[in-house]
Peer 1: 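Okay, handing you the structure first.
Throughout, protein chains are lettered first and strands after them, A, B, ... in sequence-line order, and every chain is numbered starting at 1.
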Amino acid sequence: MHVLERLGKLASQALSELDIHLEESEVIQLLEEPPKEVMGDIALPVFQIAKKVKTSPAELARALVEKLGETPDPIVEKAVNVGGYVNFYLKTRVLAEMLSEALKKYGEDYGRIKVEKPLKIVVEHTSANPVHPLHIGHARNSIIGDTLSRLLTWRGHRVERRFYVNDMGRQVAILIYGYRALGCPKVRDKPDHFMGIIYAMTNTIIEIDRLKTEINDAKKSNDDKRLKRLLKELDEWVSVADELRRKGPELFDTLVEKLRGRDHEKELSLLMKAYEERSDKQLVEVFRKVSEMVIEGFKETLRKVHVEFDYWDWESNIVWSSILDEIVEKARKLGKLVTYKGAYAIDLTSIQRSEDLRRKLGLPQFFKIPPLIVKRSDGTTLYPIRDVAYSIVKFRNADKVINVIMAEQKLEQLQVKLALYALGYIKEALNLIHYSYEIVKLPGVKMSGRRGRYVSFDSVIDDAIVRAFYEVKKRNPNMSEEEASKIAKMVGIGAIRYALISVSAEKPLLFDWNTVLSFEQNSGPYIQYTYARARNILKKYGKPVDYTNLDYDSVEEKAERRKLVKHLLKYPHVISKAADTLAPETIVDYAGKLSETFNKFYDTDPVLTEKCESKKKMKLVLVKGTQVALKNILSMLGIEAPEKM
RNA sequence: GGGCCCGUAGCCCAGCCUGGAUAGGGCACCGGCCUUCGGAGCCGGAGGUCCCGGGUUCAAAUCCCGGCGGGCCCGCCA
């Protein structure tokens, strides 16, 4: 039986003897860890209970401790009352034994508590537009999505990782427009980077032309205020153009020449329509080919940081299938199809009236969401409705869908949810989770794919690895280049993944090279280093850990030993909770604390030179526990566990 | 105009959901520790109006109301 359950039962019994009746589970809910070691191992605050039965907390705690004292418990050393708390001190020997038994029984799998009813869960993440390389903002999305997937898998769920290839928007059309104007040039460089430049250049030229037209209008109508604003905007785009031209003068000049005098908007609209209607076979091929090349670039980047997908879902496939028509038909039958601003739309107003529903779907209380427009007047579809369709597709074989999407799309995601509900997809609406995260901020720079201004994920990865290589070499001058670079990859990527997951998702993440490339405490490499230390001891010991004749009492001798035991006993629950509450950042926090405790133990309490065999074996159990826990945690974080670094 | 998120040390963050014991870390700064399993480490020091003002409570960083500051969203864009 686990410690908390044991204490819950004990306290609940003692309470009932005082004629206070509380469920064990309620008592367990109240149990907490005291802020300081000296205050005991587990505390029961009695304030709430005291209020219920109208006694003073101090009085109740005293009575409770007295009752608890009457029947000695096998795991409780003593219980004392301190100002409204009952503090339990647990028997060190029992804790040590529990840990040893669990490790002996589960081995490398220690800490894995599988859910009773596994769910099929879709995690959709990254889903960047295939028009430029992944940048550091997408990186946060990928790492969050991938870590969530790993956690849920560890917990026993069946997870499907999906990437939504957004190939039907205006952005891809812009890229294709420029790419074709250039005569479909051969790809030099990594394809996503190459296409990213063409995209940004094309977009910039289009923007500048648009602004010039608007400026002429403003001049004619003597609208000074508008003119001033437009000129300022033009100024900014011209400097963007300068930046881009410097990256590829020939490419840029050719593009300017080829696009001169053309009606961009008209051509873009024709491109989009033709792709959606599949009216031009060759054009469809170009769209597909270009998108695929960029996606290949994505895959290469993501592989480096150990992110893989099970499915790549093309938006175009959804549009070309019959599902959109089915949705429209369904809306019509349900009487939800209305005209809004002259276009077909799905009505969402009626269902927004239900207070109960608003709460269930997480809608802000007084916020109004407009009808969801289904089709443009030219007959082509819009993104939100395609997203509704995609949600239905994802749910075909899933109990729950988690979409990792940036916070600025919150309202749009709510609209999708509401539309699903309105169309009768109740289960889908209720099990659709928008896992929202804030942007990555770069000091001084506003990142923008449309302007070609971004720190690419590739460059961050490369820099981290170079820096790590230097650190590895500094510490191991005689190590071969090959081995050093292998380790540098593990360390560099460990630093990045850790940095991107350790800040809670709802906070903007300030991208600071010093933090991301930090290899010190509170970093991925710190955890890896701790792991390598633990691993090293076991390796030097040379034999499997022997769980017989352990000196459990010796754990009492040093504070750090006892602390390690407690941390390691907590580990299975920390991980389970992190998975169940979708809070990956909490396991980072735990890993840091465990590592810190282990390092203190390591510094002050030698294992291999321990003379007494039964004490040595006990210490080895602690080392083994740390090694197993850290290895599993690192794997959940998608970080490799090096044996040497 | 309406809505959502954030505000904790010079800097970056944890704690807030579920109120409770002197508010925790890391970076940077100052001072120590390599003849013992790896110093990417360990020990010590200094550093705080938990944005402000009310309220609820025996008790508020935490809950409620009102401000202030920052970010984001409200398109026949995606």
Peer 1: Tell me what A:Met168 touches on the nucleic acid: a base, only sugar-phosphate, or nothing, going by heavy atoms under 4.0 Å.
Peer 2: nothing
Peer 1: Name the nucleic acid region contacted by A:Met406, choosing base, sugar-phosphate or nothing; use a 4.0 angstrom heavy-atom cut-off, strictly under.
Peer 2: nothing
Peer 1: Using the ring of each side chain (for Trp, its six-membered ring), is A:Tyr275 parallel, tilted or perpendicular to A:Phe287, with breaks at 30° and 60°?
Peer 2: parallel
Peer 1: Base, sugar-phosphate, or nothing: which does A:Gln409 touch, judged by heavy atoms less than 4.0 Å apart?
Peer 2: base
Peer 1: For A:Gly342, answer base if it contacts any base atom (sugar-phosphate contacts may also be present), sugar-phosphate if it contacts only those atoms, and nothing otherwise; contact means non-hydrogen atoms under 4.0 Å.
Peer 2: base
Peer 1: Base of B:A40, side chain of A:Asn599 - is there a donor-acceptor contact under 3.5 Å?
Peer 2: no
Peer 1: Considering only heavy atoms, which members of residues 490-508 of chain A lie under 4.0 Å from some atom of RNA chain B?
Peer 2: A:Val491, A:Ser504, A:Glu506, A:Lys507, A:Pro508
Peer 1: What does A:Asn81 touch in the nucleic acid at a heavy-atom separation under 4.0 angstrom: a base, only the sugar-phosphate, or nothing?
Peer 2: nothing
Peer 1: According to the Watson-Crick and G-U wobble definitions, with both distances under 3.5 Å, which nucleotide is paired to B:C17?
Peer 2: none
Peer 1: Answer with yes or no whether A:Ser518 presents, from its side chain, a donor or acceptor under 3.5 Å of a partner atom in the base of B:C27.
Peer 2: no
Peer 1: Check whether any side-chain N or O of A:Arg450 sits under 4.0 Å from OP1 or OP2 of B:C77, and answer yes or no.
Peer 2: no
Peer 1: Would one find a side-chain N or O of A:Tyr526 under 4.0 angstrom from OP1 or OP2 of B:C42?
Peer 2: yes
Peer 1: Quick one: label A:Leu608 by what it contacts on the DNA or RNA (base, sugar-phosphate, nothing), any heavy atom closer than 4.0 Å.
Peer 2: base
Peer 1: Within the structure shown, what part of the strands sits under 4.0 Å from A:Lys540 by heavy-atom distance: base, sugar-phosphate, or nothing?
Peer 2: sugar-phosphate
Peer 1: Determine the contact category for A:Lys441: base if any of its heavy atoms lies under 4.0 Å from a base atom, sugar-phosphate if only primed atoms, P, OP1 or OP2 are that close, otherwise nothing.
Peer 2: nothing
Peer 1: For A:Thr515, answer base if it contacts any base atom (sugar-phosphate contacts may also be present), sugar-phosphate if it contacts only those atoms, and nothing otherwise; contact means non-hydrogen atoms under 4.0 Å.
Peer 2: nothing
Peer 1: Where the side chain of A:Asn522 is concerned, which of B:U36, B:C42, B:G26 is the nearest nucleotide?
Peer 2: B:G26
